[in-house]
Amino acid sequence: MSNAKRLFWLPRGYVIGAGFVGFAVIPLLLSQYYIFIANIALIHIVLAVGLNIVLGFTGQLVFANGVLFGVGAYATGLLMVDAHWPFWFAFPAGTAIATIIGVLVALPALRLRGLYLALATVAFAQFALWVFIHFDSLTHGVSGAVIPPLNFAPLPIIPPVGIYYLSFVLVIVAVYLAINLVRSRIGRAFVAIRESERAAEALAIDVPRYKLLAYFISAVYAGAAGGLFSAVVGAVVPDQFNLFQIVLQFCMVLVGGIGMIWGSVLGAIAIIGLQEMLRGLRELQEVGFGLLLLLTVLFLPGGFGAFLAKHVAGWRENLRNTSEDHAR
Amino acid sequence: MRKPLPFVLALSLCSAGFAPSVFAEEGITPTTIKIGTMVALTGPLSPLFIPQVNGTQIVFDEVNAAGGIHGRKIEYIREDDECLPARGVGAIKKLIYEVKPFIIVGGGCSNAAIAEKPEIIAAKIPWIITASTADGLTDPVSPYIFSSISPAWTEAYGILQLAIDDKKQRIAVVYQTDAWGKARIEPLREALKKKGIVPVAMEEVSPEPTDLTPTALKIQAANPDIVLMLLYPKAAVPFLRDSFKVGLKPTMVGVSPLLEIDQIAKGAGGPETVANFRVLGAAGYGPEDAQVAQWKAKVEKRFGDRFNLYHLQGIAGGQFAVEALRRAGPDPTREKILTAMSTLEAKADTYAGPFKCTPTDHQCQKTLGIFALKDGRITGVGQTTPSR
Amino acid sequence: MLLTYLLVSGITSGAMYALVAVGLVICYRTTGHLNFSHGEMYMVGGYFAFTFHVLWGVPYLPSLILAVVAGGVMGLLSDRLVFRRLIKAPPMAMVVATVALSFLLKGIARFLWGGQGEFVPFPSIVSGAPVQFLGVTIFPQQTVVLGVGLLAMVALTLLFRNTRAGKTMQATAESQRAAYLVGVRVERVYSATWAAAAALATLAAVLMAPLTQLTPDIGFSLLIKALAATVLGGLGNMPGAIVGGFVIGITEALAAAYIDSTAQDVSAFVVIMLVLVVKPTGLFGAKGQRDV
């Protein structure tokens, strides 16, 4: 138990509870504008958590998460637009496609580490963007594709509310699974790999297999987030999945806290909120998020999550289920 | 954590009474009319859209200064869509559900507009498109959407007509590989087929090229007597520059985004590079022409912008909107304005041709102006009204 | 005529990629880190030159020198504010930080110079008209670029390998502690390295500016090409990076004309991915690796 000074009392449970209730009632209280923004935030929670698993927990410096997000969005969207599948089939299929591509790409990447991995994934991200734009017989090219609105019959709700609650449920599932994953043996193996691949091998951890698992999980999350994204926005366009997108995702994970799931949740909400506040000030967005990411890396490498873990009760994220988590 | 369920249930019961109707007559009070717009206010394409919005703003300011429309002053609110669908949907939702305008006048980038269109139609808000030429927005016809700017196909058919009128036989085409380019190359292909013309060269370029000398050389090898340029400035400038360098100097014709011929000449290396260059665009007059001098003065005074042909488009759009609002009468409803627009005929100060809408054709403007650079000034040298 | 033009143009742009890549490699060999904002140093350097020469009317040669100096100062500042703190950090921190820095610089550049319009004109130092040389069409600016570029590269490689300063840099890379013990001011070496790399990038930008367009977004695509050159030659291998640069330049030019105009953008990415997957040490072998 650290002896760091407790700055204030704000148990994580209360914050999570308030957040849960807050998100749950947005469609009942606020206009479609807020529903949309909150929905985007929910999608990014899934993205950030998935990225954190491969980047924060397993320490793999990958820039490809934006690609898989895009693949999920395109796959789901194109299946709906061109193959006329209903969303309920297109979405799982789209997620599966993104996952398969994610794993296929991960296989050669397993041998790469650190700088080489970063380089290869940056190149891959740009390559994928190029494919989105130029393989236009499939992707509709630069003009993208418009997605027909969802049908939630027989429930008497309008599509934006329906997709919102669907996203909400998926976020709950995603975060729950992630928390349990990182507290399990698998999570600890991830962290061991992050700290030192050689030491992990010495501990009889099958490094390639666990790395692949981390890639797999982040691909599932990114693909699902992408599928939801295309349904919420109602269109897919290549420009949406460029390097700035990945910078935003990195912001969410690093500002929230590497290796902290709740940190990523907070990070995603904060960054999306910030981006919305900067609406109409796009130039400021580049400067702002660049600066935020830079300052976080320089001065707060553990992100706000680490800061909270040190100074506020109940925010530590342990790798085991300890009695601490059940005490209040 | 206490059980949240009862809390949530109670809250939902309370708010069940809330059902904010979007479809009531919003945006109108006895003294004001709220009009909204979402365009790329920031980002690389903003220099094309901000002047249009400013032009519309000037028209509304004039009307307000004269007492408004049937006694109501116009409040014009802009939101930024960053030319991205995700940001555009956020912008349009903010407009529709928080700002609640009576109508929307504006809208730009087609990337964002395609995602915004379903939202606008679902909310049944009349939308006058003043800046986006994407055919897909007004075709097929929607009862809620009208366009005051000439659509993309008119530019494609128009430049081909220009080539034919000029008796050019060897036509070369250079176009860019993006949504905007696609929206023009497809109708151009269609038009070429209809006229039975086979171009001597058809070259594709990327929208942000660094060096177009290979393209210029390839086109030069086909020996054309006219080159049709379906390009934005970022590609047109290197093309003109590199063509000039290799000695490719036939007549060159460009379309709307190239209306700022003086700037293009500057980037390409001087007025000699545009000696044979003409632009076909959605505007009636050059920015220095006498007919638009009063607007130029007003725009420069209010915004300090360098007056250009995008302002002209915005002014025309504003005048279209004002005329439609007038005809909707002293007790306007969205229904009334839609009815008024479906048969509207009017003339804008800055377009060479009239507006004409019919119930089956909401592309209300089809006359394009032809411009060239003479003595350093952008001058109108003709006009054309293409048909399909 | 087309093919020869393409080769000449490919060699010219290749020379620029090589020059930028050499800057990357010098930093990598000395500090062990890759600077993902190196492309933005190029872009900002170009805008400095634009400001001095076009906006303020300073004559060409003094503008060039001033711009290169300003670029060097940018490198020093980046070192002071950002790189110095992260030298000893794991690669992830430096990569993320330099990516963040690149967006920051891009945004600032857009704010300062974005309003210049979409195309920033930069007059050539020599006449723009093509000349015929041995039946090949060449633009004089290309020969200037090629000449200066080659000179710079040869000079740098020799400097790095044979002078005391260069050897000091190599020594610092091999072992910081040993360098300290011998009295090498390690921080100074690093600062000088970053400054030199930024100055090099600026030189490349100034040379290239009349031939291409200057916008706030060119930094990243140039970085990718320089990275492709470095990876192709073998990460950390200076002559390798130079050869890699020329290969990338020529491949691009040929691909653009003979495959598809859009293939120009993609060849660099494909090269990086293929090399890293098939033979990560590149054509000539990697050098100066940190223990990752």
Side-chain angles (χ1 to χ4, degrees), chain A residues 55-56 59-63 105 107-131 133-134 136 194-195 197-198 242-244 246-248 250-251 253-254 258 282-299 301, chain C residues 28 32-34 36-37 40 81-86 89-111 114 216 220-221 223-224 227-228 230-231 235 260 262-263 265-266 268-278 280-281 286 289-292:
Chain A
L55 177 71
Q60 300 302 300
L61 189 52
V62 292
F63 283 84
V105 166
L107 286 170
L110 288 177
R111 288 186 287 151
L112 300 172
R113 285 188 218 164
L115 216 46
Y116 288 95
L117 183 61
L119 277 175
T121 50
V122 166
F124 174 66
Q126 290 305 110
F127 176 69
L129 187 61
W130 184 89
V131 169
I133 294 176
H134 290 110
D136 51 0
R194 176 184 80 200
E195 297 303 317
E197 282 190 35
R198 288 214 189 101
N242 58 11
L243 205 65
F244 185 62
I246 241 298
V247 165
L248 277 182
F250 270 64
C251 270
V253 172
L254 275 111
I258 290 245
R282 190 180 112 159
E283 271 96 19
L284 223 55
Q285 282 179 33
E286 259 178 350
V287 171
F289 287 113
L291 195 58
L292 179 62
L293 193 52
L294 192 58
L295 292 175
T296 309
V297 172
L298 286 175
F299 299 116
Chain C
Y28 180 69
H33 291 286
L34 272 182
F36 276 76
S37 63
E40 271 65 35
L81 297 174
V82 178
F83 303 146
R84 192 167 280 205
R85 298 171 203 267
L86 297 173
M92 184 191 296
M94 191 58 132
V95 170
V96 175
T98 49
V99 169
L101 182 62
S102 80
F103 271 88
L104 183 57
L105 289 174
K106 191 163 33 169
I108 294 178
R110 226 189 277 283
F111 177 70
F220 185 68
S221 65
L223 177 74
I224 291 280
L227 282 173
T230 314
V231 164
L235 197 59
D260 195 75
T262 55
D265 313 321
V266 86
F269 319 138
V270 171
V271 165
I272 294 180
M273 290 191 292
L274 277 177
V275 171
L276 286 177
V277 168
V278 172
T281 50
Q289 283 200 58
R290 271 164 60 107
D291 192 26
V292 231

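Sequence lines set the chain letters: A, B, ... in the order given, protein chains first and strands last, and positions in each chain run from 1. Here the structure is a predicted model, which is why all the values come from computation and not from measurement.
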Options C/Val96, C/Thr98, C/Ile272, ranked by heavy-atom pairs under 4.5 Å with chain A, top entry: C/Val96
Candidates A/Leu298, A/Leu254, A/Leu248 - the one meeting side chain to side chain contact (heavy atoms under 4.5 Å, CB included) with A/Leu293: A/Leu254
Residue C/Val277 versus chain A: region with a heavy atom under 4.5 Å: both
Contact summary for A/Val62 and A/Phe250, nearest pair of heavy atoms: O-CZ, 3.5 Å
Portion of C/Val270 that has a non-hydrogen atom of chain A nearer than 4.5 angstrom: side chain
Non-hydrogen atoms of C/Ser37 and C/Phe83 that approach each other most closely: OG-CZ, 4.3 Å
Toward chain A, the part of C/Ile224 with a non-hydrogen atom under 4.5 Å: side chain
Winner by heavy-atom pair count (cut-off under 4.5 Å) against chain C, out of A/Leu112, A/Thr296, A/Leu119, A/Ile246: A/Leu119
Engaged part of C/Val275 at the chain A interface, taking heavy atoms whose separation is under 4.5 Å: neither
Under 4.5 Å from a heavy atom of chain C, the part of A/Leu107 involved: neither
Non-hydrogen atoms of A/Cys251 and A/Leu292 that approach each other most closely: SG-CD2, 4.5 Å
Under 4.5 Å from a heavy atom of chain A, the part of C/Leu105 involved: neither
Residue part contacting chain A, namely of C/Leu276, when any heavy atom lies under 4.5 Å: both
Chain A contact via C/Leu34 - side chain, backbone, both or neither, heavy atoms under 4.5 Å: both
Among C/Gly107, C/Ala100, C/Ala97, residue most engaged with chain A (heavy-atom pairs, under 4.5 Å): C/Ala100
Steps toward side chain to side chain contact (heavy atoms under 4.5 Å, CB included) verdict (C/Phe36, C/Leu227): CA-CA 9 Å; C/Phe36 276 76; C/Leu227 282 173; 4.2 Å; yes
Most chain C-contacting option - heavy-atom pairs closer than 4.5 Å, from A/Thr121, A/Val247, A/Leu243, A/Leu55: A/Leu243
Plane angle bin for A/Trp130 and A/His134 - parallel if under 30°, tilted between 30 and 60°, otherwise perpendicular: tilted
Closest non-hydrogen atom pair, A/Gly59 against C/Met92: O-CE, 3.9 Å
Most chain C-contacting option - heavy-atom pairs closer than 4.5 Å, from A/Ile133, A/Leu291, A/Val131: A/Leu291
CZ/C/Phe220: more than 12 non-hydrogen atoms of other groups inside 6.0 Å: yes
Aromatic contact, A/Phe244 with C/Phe103 (centres under 6.0 Å): yes
Proximal component of C/Val95, with respect to chain A [non-hydrogen, under 4.5 Å]: side chain
